[in-house]
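First up is the structure itself, then whatever we jot down about it.
Note that this is a predicted model, so its numbers are computed, not measured. Residue numbers start from 1 in every chain, and the chains themselves are labelled A, B, ... in the order their sequence lines are given, proteins ahead of strands.
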Amino acid sequence: MGAFLKGYSAEKKYTPAASRMPSRSPVLSAASSLVASLDVSEATKQLRKEKTTIVQCARGALYYLRDIKDSEAVCEPLDGGDESTHTLASLWQVTGYDSDEDGLARDPRVTNIKRQRTSAGSSCSALILQPSSALTAAIDKEPTAAERMLRKAFPLVSPHGTAHLEKALRELEKYELVCQGDDYADPECLATNSEALQYARANAVVKGLTWSISASLASRGRGRTLERLKAEPFLGESNARKVLDIVETGTCGRTLSRFQRGEAPLDSSGSRRVHAHRSELGATRRMTGAPAKLELASVLCLSAIRAGELVDDTRDPIRSIAELRARPDRLASLGGGVRLQHSLAVHEDLQEPVPADDAIAMLRTVQEAVRALSIPHANGWHAEFVGGGRTRGFAGHDVDLLLSHAEEMASFLDGNGQPVFVINLLLEELVRRGRVLPKTEAYHNKKTARYRHETPRPYLSDLHMANETSKGYENLHHDHHDKFFGIWRSARTSKLHRIDIVVCSHPEELPFARLGWTGTRTLNRMMRLRAIELGLYLGAHSITARGSQTPGSTTTQVVVEARPGRTPVTVTLQKLEPLPFEYVRSEEAILRVLACGTDDFINLVEPTNRNA
DNA sequence: CGGCCTACG
DNA sequence: CGTA
DNA sequence: GCCG
């Protein structure tokens, strides 16, 4: 399917990341002139003695020196990746050392180099002396796992043939989620979903790999490939082994194969994981029957918990959608009413991918309808694709739309001082036209902000900022974006499709709404994890100081600009104070804040690199 | 050894 | 408990 | 299970 987003990209035309990389700045040129080129006789001696030699190219990337032939050096990137050849003059020998990690760690030069922030394609050499300041202190740290992840790109199709592996990891994650009861449903027990989290992260790592696992297996064998995987963020012994099992055998006998047969998976010690890790809470969710649970939970309005109860019912188990359809009594006892009944009836239709023509018609119809409403500056409303439509370039089984306006909020006060929500008027119109199914017939889930006009932008008020409670920040509730989750009927084919509409609540929050609603879910979690590391909250509305970054200090320093050649900018925030929107007017700016003012995460500006 | 994303109805 |  |  083609990229139906063409012509609809809202923010700006994206240039390929590579073309935006800073070309050799004066600083970099000066650095390379300080670098002595590779001493061929010395390097050859090291190679002959089978000593490991590290070299660095003029752009700062580090490599193992593998061979010298035809006056060129064959190099393997330290952080994985395919071998490449470099002219000898372009390389500088960092060190020759025995193949033991301690030796590497003890070499002060290498430690220094490793500390350098190396964004893809641009980097500083180890020889550049950074000015000593609080700013560099914050920057001169070992990158965290989340940080390393966000430097990657996550294309829809990885160039290293990992489709089967990705599918297996996704399947494992889904089985874990459906058996354990879905993490978002249980915010008190996030930790108990560690397995699902592991698989989601492993999948993201695989999608972001810059080297081929199968090629590595062929050329270096299992042991060295395992080490390379373990050097990737979030992959340890356990998950690296599972990844290799899947690549080598097509499956993982301990987990995936057993899940697929409806059996409980085995843990690392070989024992059956009969229950999800909830025994300490008295819960007894079983890890058996995963495929049946997955099938039932895929029905709209049927959660993983309900699916689990149906499948695990000892007296009268329901093990498939077909069985549930044949049991109106059990259906009635679920209490879902007409919406669940409708979802079940049209379930197969709703799983079908939305054709590009229909996705575009949905966007056009929504935008035309909102502009035809009798509301202030109706013509300024804009609809764009978010979700999979934006990261993949084509729709999946649903279409996600974001509505925004450059001046207007998502609601306004009428003559009587009552709030009027754009989404309500829009949906009335779309239902009247027969495009959106009404709540009397089908799933039709609408959420509008309750407080927008009572306490406008509560997160900007002093009162709000003072409202810290024992368990997190209860009143960190933002005026949320109005939302609609429902069913669309195609005017062209009369087929039904899931549609999500989000109305950006305030114009300045648009970049946050775009970033959050574009996803992916895993990438959102990575970005939010990164924000936490910086003492910040990242939500769909703003970046806010958590207020506990440094003990004893009530403020949080945020580096919003640290690119070479620009004046560094650091912002000081009070506890729970949002970062002023003037610093975050685009997704790129948000990503830059998460990268401490650098362009380290610039790969992710392109939405099609966000398929994590 | 504590934390694991965040937000809403 | 449900939705993203 | 992995990370800081």
Side-chain angles (χ1 to χ4, degrees), chain A residues 141-149 172 176 181-202 205 230 232-242 255 267-268 273 277 297 299-309 334-336 339-340 343 386-388 398 400-402 443-452 459 472-486 498-502 505 509 512-513 515-533 536-544 546:
Chain A
K141 281 194 190 123
E142 285 295 328
T144 63
E147 191 179 358
R148 288 206 286 148
M149 285 299 288
L172 281 164
E176 290 285 352
D182 210 306
D183 54 356
Y184 357 95
D186 204 351
E188 301 292 316
C189 293
L190 284 173
T192 61
N193 280 87
S194 65
E195 293 88 355
L197 180 61
Q198 295 305 318
Y199 291 130
R201 287 174 174 177
V205 170
K230 284 167 69 177
E232 293 286 332
F234 296 120
L235 286 190
E237 180 74 25
S238 172
N239 287 303
R241 282 208 336 253
K242 283 180 197 170
T255 56
D267 63 22
S268 49
R273 288 173 52 212
H277 300 189
V299 175
L300 195 62
C301 305
L302 259 191
S303 72
I305 308 262
R306 301 278 204 87
E309 287 165 1
L334 288 171
R339 280 161 224 135
L340 176 55
S343 294
V386 286
D398 78 342
D400 305 294
L401 300 179
L402 176 61
Y443 177 67
H444 183 106
N445 188 346
K446 193 173 60 180
K447 305 166 192 302
T448 50
R450 278 150 58 180
Y451 309 111
R452 183 172 303 141
Y459 49 88
Y473 307 107
E474 197 172 75
N475 282 310
L476 194 73
H477 72 83
H478 296 76
D479 160 23
H480 67 102
H481 305 298
D482 299 333
K483 294 160 206 149
F484 168 70
F485 314 125
R498 277 276 292 107
I499 181 171
D500 299 341
I501 301 175
V502 180
S505 58
E509 296 178 355
F512 292 93
L515 191 69
W517 285 89
T518 299
T520 60
R521 182 169 65 105
T522 300
L523 202 56
N524 280 348
R525 295 167 85 172
M526 297 272 184
M527 292 188 287
R528 289 162 177 174
L529 193 61
R530 174 62 183 160
I532 289 172
E533 291 171 359
L536 304 169
Y537 284 107
L538 172 62
H541 300 267
S542 64
I543 285 173
T544 307
R546 298 169 72 89

When you measure from the side chain of [X], which nucleotide among [options] comes out closest?
{"X": "A/Arg528", "options": "C/dC1, C/dT3, B/dT6", "value": "B/dT6"}
{"X": "A/Phe485", "options": "C/dG2, D/dG1, C/dA4", "value": "C/dA4"}
{"X": "A/Arg450", "options": "C/dA4, B/dG9, C/dG2", "value": "B/dG9"}
{"X": "A/Lys447", "options": "C/dA4, B/dC5, C/dG2", "value": "C/dG2"}
{"X": "A/Gln198", "options": "C/dT3, D/dC2, B/dC4", "value": "D/dC2"}
{"X": "A/Ser238", "options": "C/dG2, D/dG4, D/dG1", "value": "D/dG1"}
{"X": "A/Ser303", "options": "B/dC5, C/dG2, B/dC8", "value": "C/dG2"}
{"X": "A/Asn239", "options": "D/dC2, C/dA4, B/dT6", "value": "D/dC2"}
{"X": "A/Leu197", "options": "B/dC4, B/dG9, C/dA4", "value": "B/dC4"}

Taking atom [atom2] of [N] as reference, at what distance in whole Å does atom [atom1] of [X] sit?
{"X": "A/Asp400", "N": "C/dT3", "atom1": "CG", "atom2": "C1'", "answer": "12 Å"}
{"X": "A/Arg498", "N": "C/dT3", "atom1": "CZ", "atom2": "P", "answer": "9 Å"}
{"X": "A/Lys483", "N": "C/dG2", "atom1": "NZ", "atom2": "C1'", "answer": "12 Å"}
{"X": "A/Lys230", "N": "D/dC3", "atom1": "NZ", "atom2": "P", "answer": "10 Å"}
{"X": "A/Leu529", "N": "B/dG2", "atom1": "CG", "atom2": "P", "answer": "18 Å"}
{"X": "A/Arg241", "N": "D/dG1", "atom1": "CZ", "atom2": "P", "answer": "10 Å"}
{"X": "A/Leu536", "N": "B/dT6", "atom1": "CG", "atom2": "P", "answer": "11 Å"}
{"X": "A/Met526", "N": "B/dC4", "atom1": "CE", "atom2": "P", "answer": "15 Å"}

(request) Rounded to the nearest 0.5 Å, what's the gap from CZ on A/Phe484 to NE2 on A/His444? Could you check? (result) 4.5 Å
(message) So A/Glu195 and A/Thr255, do their side chains get closer than 4.5 Å, heavy atoms only?
(response) no
(request) Kindly indicate whether the side chain of A/Arg528, heavy atoms from C-beta on, has any atom under 4.5 Å from the side chain of A/Arg525. (result) no
Under 4.0 Å: is that the gap between some side-chain N or O of [X] and OP1 or OP2 of [N]?
{"X": "A/Asn524", "N": "C/dA4", "value": "no"}
{"X": "A/Arg546", "N": "B/dT6", "value": "yes"}
{"X": "A/Ser268", "N": "D/dG1", "value": "yes"}

(request) State which residue, out of A/Lys447, A/Lys446, A/Arg450, A/Arg452, fulfils the salt bridge (charged side-chain N to carboxylate O under 4.0 Å, His left out) condition with A/Asp482. (result) A/Arg452
With a non-hydrogen cut-off below 4.0 angstrom, is [X] in contact with a base, only sugar-phosphate, or nothing?
{"X": "A/Ala540", "result": "nothing"}
{"X": "A/Arg148", "result": "nothing"}
{"X": "A/Tyr443", "result": "sugar-phosphate"}

(message) Check for me whether A/Arg546 meets the cation-pi criterion with A/Tyr537, that is, NZ or CZ under 6.0 Å from the six-membered ring centre and within 45 degrees of the ring axis.
(response) yes
(request) Determine, step by step, whether A/Thr522 and A/Thr520 satisfy the side-chain hydrogen bond (donor to acceptor under 3.5 Å, both in side chains) criterion, reporting the C-alpha distance in whole Å, the side-chain angles of both residues, the deciding distance to 0.1 Å, and the verdict. (result) CA-CA 5 Å; A/Thr522 300; A/Thr520 60; 4.8 Å; no
(message) With rounding to the closest Å, how many angstrom separate the P atoms on D/dC2 and B/dC5?
(response) 16 Å
